[in-house]
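Just so it is clear, the model here is predicted, and its values are computed rather than measured. In what follows, chains carry the letters A, B, and so on, assigned in the order in which the sequence lines appear, proteins first and then strands, with residues in each chain numbered from 1.
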Amino acid sequence: MLTVNRYKCCYCGACVGVCPTCALELVETFIEVSADCKECGICTKICPVGALEVKA
Amino acid sequence: MSMKCDVVVVGAGPGGSMAAKAAAQAGLRVALLEKRQEIGDPVRCAEGVGKRVLSRMVKPEPEWIASEVKGARIYAPDGTSIVMSEDRGGAEVGYVLERKVFDRGLAMEAARAGARVMVKTRAIGLLKKDGVPFGVSAMRIGEPLEIEAPIVIGADGVESKVGRWAGIDTTLKLKDIETCAQFLVTDTRVDDQYCEFFLGNDIAPGGYVWSFPKGEKLANVGLGILGSRSKPGEATRLLKEFVKVHFPNGKVLEMVVGGDPCSGPIESTTADGVMLVGDAARQTDPLTGGGILTAMQAGIIAGEVAAKAISSGDVSREGLKEYEDRWRSDIGKGLARSYEFKEFFVKLTDEDLNQLIGSLKREDIAKMDLRGMLRVLFRLNPRLLWELRHLVV
């Protein structure tokens with residue numbers, strides 16, 4: 001499962017731009033993850049603050 | 001709830017506001033949506049722009065400008081530096097803006113031209129009939145709202161959805177995004193006169209570190225690294241390291257992060273009833289990461305083309321082709337060239353970078369433009385730059 005640490009997230013939206021399944025959405029100050037997430041982990045690599053993590 | 005207008009612009013950054021202003025000036029009924037409750041905040045930007053191009057499009061208000069710089073200084077990994085003057089030194093420096101004030105100023109210009117500005121209003125999808133968009137569905141302060149409009153302009157930034165909803169794949173590959181972090185630093189070591197750029201694969205792999213002065217020993221100190229060379233939290237970690245070394249007594253007053261598209265021009269930025277502008281259209285300069293002015297230029301074109309398409313009654317992709325043609329001829333060629341430079345630049349080792357910058361040390365480049373400097377670089381380093389020869393002549 002993709003988790004967003006909302007205490008770390010600076011809501012920049014970079015993760016939304018690289019998501020291949022359009023599963024992320026930046027809603028003002030938080031990231032929403034939809035059921036379309038394939039847990040590929042691409043977004044976690046580019047998160048400038050390391051707020052995203054794919055957990056088993 | 002529902003409303004009707006001629007054009008709905010999604011996103012009130014510089015691109016969206018200029019599009020809304022141009023469309024409103026042409027007599028269209030325009031809604032300009034901003035999902036945040038405050039326009040321009042938080043910033044995701046180093047805030048540098050070239051004076052001349054900006055002044056061609058708007059009259060810069062004094063309160064938009066944090067500082068004016070004399071030029072750019074570029075540091076090689078070994079510490080060697082070269083200086084480029086502002087009037088020649090490329091499009092990215094001249095003014096360092098206060099984006100929070102600037103963005104709101106541009107939205108105000110759109111409003112004064114007649115656009116309806118709607119904050120805390122987030123587009124959540126396109127309204128479609130037989131597959132053809134005719135507006136957006138939105139959430140306005142938590143309540144659903146349908147906005148019918150023959151034309152939707154997506155100026156919705158790096159996280160753009162409008163294009164994807166319209167069938168344009170704007171997904172960025174990891175090698176085509178810079179992941180960035182920036183601190184607003186106050187320190188006696190800040191150079192108030194020059195925008196500084198620091199190169200090196202250790203300090204910013206596939207990108208660079210910048211220090212853009214904002215007046216009185218205050219600067220945006222940030223970095224971008226190539227997505228394909230990043231790992232979780234890397235941008236912030238590297239920035240902390242850089243600041244510790246270069247501004248050991250620096251105090252951090254603000255922290256911002258962001259993703260910067262560097263894919264170069266994408267195949268299509270139009271669909272039936274839809275145009276994309278700015279970061280949403282990936283119109284950012286892939287080499288420098290600068291995207292304010294290109295977004296504004298494209299925004300103006302999109303607003304003007306929207307007016308023509310509405311009056312001719314053809315808002316199909318074909319009817320919006322003028323937008324595609326005009327932005328590609330105005331800014332697209334430069335962006336494509338920058339993309340080739342970026343693809344080359346990210347492969348350079350620190351030794352290569354030291355050689356290139358070191359070779360300019362003995363040349364008088366202060367008065368040269370970027371093109372002239374590249375010609376000199378090529379003459380001095382033909383073997384290293386052989387791949388770029390078609391861009392230099």
key: Pair B/Glu47 + B/Lys100: basic N to acidic O under 4.0 Å   = no
request  = Answer with side chain, backbone, both or neither: which region of A/Glu25 has an atom nearer than 4.5 Å to a non-hydrogen atom of chain B?
outcome  = both
key: Among the listed options A/Leu52, A/Ile42, A/Val27, the residue most often paired with chain B at heavy-atom distances under 4.5 Å   = A/Val27
ask   = In terms of heavy-atom pairs under 4.5 Å, which option from A/Pro20, A/Cys43, A/Cys19 contacts chain B the most?
value = A/Cys19
message = Need one label for B/Met255: side chain, backbone, both or neither, based on atoms under 4.5 Å from any heavy atom in chain A.
response = side chain
message = With a 4.5 angstrom heavy-atom cut-off, is it the side chain or the backbone of B/Arg229 that approaches chain A, or both, or neither?
response = neither
message = Are B/Tyr339 and B/Phe345, when compared by the centres of their aromatic rings, separated by less than 6.0 Å?
response = no
key: Heavy-atom pair count under 4.5 Å with chain B, highest-scoring of A/Pro48, A/Gly17, A/Ala14, A/Gly50   = A/Pro48
ask   = Side chain, backbone, both or neither: which part of A/Cys22 has an atom under 4.5 Å from a heavy atom of chain B?
value = both
inquiry  = Please give me the minimum heavy-atom distance between B/Val257 and B/Arg44, naming the atom from each residue.
reply    = O-CG, 3.8 Å
message = Using modelled atom types and a 3.5 Å cut-off, is there a donor and acceptor pairing between side-chain atoms of B/Asp156 and backbone atoms of B/Val162?
response = yes
Which portion of B/Pro42 sits near chain A, non-hydrogen atoms under 4.5 angstrom = side chain
ask   = Which bit of B/Gln37 is near chain A, if near means a heavy-atom gap under 4.5 Å: side chain, backbone, both or neither?
value = both
note = The reported gap from CD in B/Glu34 to CZ in B/Arg104 (rounded to nearest 0.5 angstrom) is 12.5 Å
ask   = Out of B/Leu172, B/Asp176, B/Asp260, which one racks up the most heavy-atom pairs below 4.5 Å with chain A?
value = B/Leu172
key: Residue selection (most heavy-atom pairs with chain A, distance under 4.5 Å) from B/Lys161, B/Arg36, B/Glu234, B/Lys231   = B/Lys161
request  = Name the member of A/Cys47, A/Ala51, A/Gly41, A/Cys10 that forms the most heavy-atom pairs with chain B at distances under 4.5 Å.
outcome  = A/Cys47
request  = Return yes if a side-chain donor-acceptor contact under 3.5 Å exists between B/Asp279 and B/Thr284, otherwise no.
outcome  = yes
inquiry  = Which label fits B/Trp210 and B/Tyr208: parallel for a plane angle under 30°, tilted from 30 to 60°, or perpendicular past 60°?
reply    = perpendicular
inquiry  = Does this structure show an ion pair linking B/Glu343 with B/Lys175, if we count only N-O contacts that are shorter than 4.0 Å?
reply    = yes
